[in-house]
Amino acid sequence: MYASTVPMDSSKLVLLLSFFYILLHQPSLTAAQPKFNNYNCNNVGNYTTNSTYQRNLNSLLSSLASDTQIDYGFYNLSVGEFPDRVNAIALCRGDVAVDVCRSCVNDSTHKILEVCPNKMEAFGVYELCMIRYSNRSIFGVVNEQPSIYRANRKNVLDVTLFNQALQTLFSRLQAKAASGNSLKKFATGNQSAGVETVYAIVQCTPDLYEGQCSSCLLDVFRLIPNCCDGNVQGKIGVRLITPSCNLRWETGQFFNGTLEILPSPPPSQISSPTSLPAAAQGKKSNTARIIVITVVPAVGVMILVICICLFIRTRKQREKERVESKY
Ligand SMILES: *[C@@H]1O[C@H](CO)[C@@H](O)[C@H](O)[C@H]1NC(C)=O
Ligand SMILES: *[C@@H]1O[C@H](CO)[C@@H](O)[C@H](O)[C@H]1NC(C)=O
Ligand SMILES: *[C@@H]1O[C@H](CO)[C@@H](O)[C@H](O)[C@H]1NC(C)=O
Ligand SMILES: *[C@@H]1O[C@H](CO)[C@@H](O)[C@H](O)[C@H]1NC(C)=O
Ligand SMILES: *[C@@H]1O[C@H](CO)[C@@H](O)[C@H](O)[C@H]1NC(C)=O
Ligand SMILES: *[C@@H]1O[C@H](CO)[C@@H](O)[C@H](O)[C@H]1NC(C)=O
Ligand SMILES: *[C@@H]1O[C@H](CO)[C@@H](O)[C@H](O)[C@H]1NC(C)=O
């Protein structure tokens, strides 16, 4: 009986050890550079290395990355003269803190060159900011292509009820965002849908007029029933993104209420418990990888040590038992 249990235990240990070996040496865990959620390199044309266009683009992107003046989350810059003029827009989600926004925009200026090398026009999307550049004039122009979606696979409990709530909420938010000023066109809100609650944000680039923003959002909203192979309607979390406007909903709060709902919160409310989950979730996309990199090996080593200790203890226990049974 004793003899048969020992090989089983050691094979379990070997299995565990190989599991931790794989965990600790997984190559993807070493890559710390944040990836775009989505990007699109428009194939209208390529610029050549060392061209004027490339120099203009590099200079424009580094201006975006190092800007410390803009604190409203919208960047619109141009560099150079036709035909080498480059125009760029970067937009942070309307509820993110200025330091979070700047670091997101900085990341995006590096990433866009990496994922779209030598492209005349490109568009990259992070969770908290997006960037695009083009040789075309893009300011004050509605651009609904490419339209990108991301959707949770889970369904809401009651699609009819949920869609009614979404429609009500959207109408309110669309009007609110469109009537924003030239620095920000953004709105957040929530609406109860039976036992569930829908939380949503809508946003336009603020270089658009009210009517342009409104119609861009409406076009995006109208996509819901028919688009995306039915992967959007009735889902608990959806993002619909175009260069000029975007829309997102979830069944839990995901935006930073402290910034938008209370424009100038008294110091005591900044760290109120209700604001913490939203703040933590908003930052997740930027820090998740870093947490995985530093925490997983530490936890892995800890579990490994515990396993070895337990293994040694059970062995000693068994030895003791064996010794005892001899008598
Ligand atoms: C932008 O670049 C593409 C490709 O080189 C070219 O076809 C297009 O005419 C350019 N547009 C402008 C406005 O310069
Ligand atoms: C740009 O370059 C890519 C390969 O680097 C090529 O596939 C594509 O056809 C080029 N586009 C144009 C418009 O020349
Ligand atoms: C671009 O310029 C750099 C430095 O001036 C040079 O080393 C490099 O060979 C050039 N590349 C091309 C493709 O012309
Ligand atoms: C932007 O990011 C790069 C690395 O990706 C970093 O070296 C640089 O200091 C950052 N710049 C600013 C202004 O934060
Ligand atoms: C949410 O707001 C708090 C307080 O202003 C801020 O510290 C935090 O960085 C914000 N979260 C994001 C994702 O910007
Ligand atoms: C950039 O945006 C600001 C704020 O919306 C606006 O005042 C300015 O005219 C814009 N610049 C260009 C070049 O469109
Ligand atoms: C939900 O909406 C109500 C009013 O529409 C607002 O008072 C409340 O602060 C919102 N809650 C959140 C978490 O956004």
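Indexing begins at 1, ligand by ligand and atom by atom, following the structure's order. Given the structure is predicted, the values throughout are model-derived calculations rather than measurements.
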Legend entry - Heavy-atom closest contact (Y133 atom, M120 atom, distance): CE1-O, 3.3 Å

Legend entry - Contact bool for atom 9 (O) of ligand 3 (protein heavy atom, d < 4.0 Å): no

Legend entry - Close-contact set for ligand 4 against A65 heavy atoms, below 4.0 Å: 13 (C)

Legend entry - Close N or O approach (N50, ligand 3; < 3.5 Å): yes

Legend entry - Location of contacts on S103 toward ligand 4, heavy atoms closer than 4.0 Å: neither

Inset, instruction - Report yes or no: do N37 and E127 form a side-chain donor-acceptor pair below 3.5 Å? - result: no

Inset, instruction - On the 0 to 90° scale, with breaks at 30° and 60°, tag the F36-Y126 ring pair as parallel, tilted or perpendicular. - result: tilted

Legend entry - Heavy-atom nearest option to atom 2 (O) of ligand 4, drawn from T68, D99, N106, D67: N106

Legend entry - NZ or CZ of R239 within 45° of Y149 ring axis and under 6.0 Å: no

Inset, instruction - Report the part of H110 (side chain from C-beta onward, or backbone N, CA, C, O) that has a heavy atom under 4.0 Å from ligand 4; answer both or neither where that applies. - result: side chain

Legend entry - Distance-only polar pair, side chains of N155 and K235, donor-acceptor under 3.5 Å: yes

Legend entry - Cysteines C204 and C213 with SG distance under 2.5 Å: yes

Legend entry - Polar atom proximity, N190 to ligand 7 (N or O, under 3.5 Å): yes

Inset, instruction - Verify the distance criterion only: is there a donor paired with an acceptor across the side chains of S134 and E121 at less than 3.5 Å? - result: yes

Inset, instruction - Determine, counting only non-hydrogen atoms of the protein, whether one lies under 4.0 angstrom from atom 4 (C) of ligand 3. - result: no

Inset, instruction - Take atom 14 (O) of ligand 3 and look for protein heavy atoms under 4.0 Å from it; say yes if you find one, no if not. - result: yes

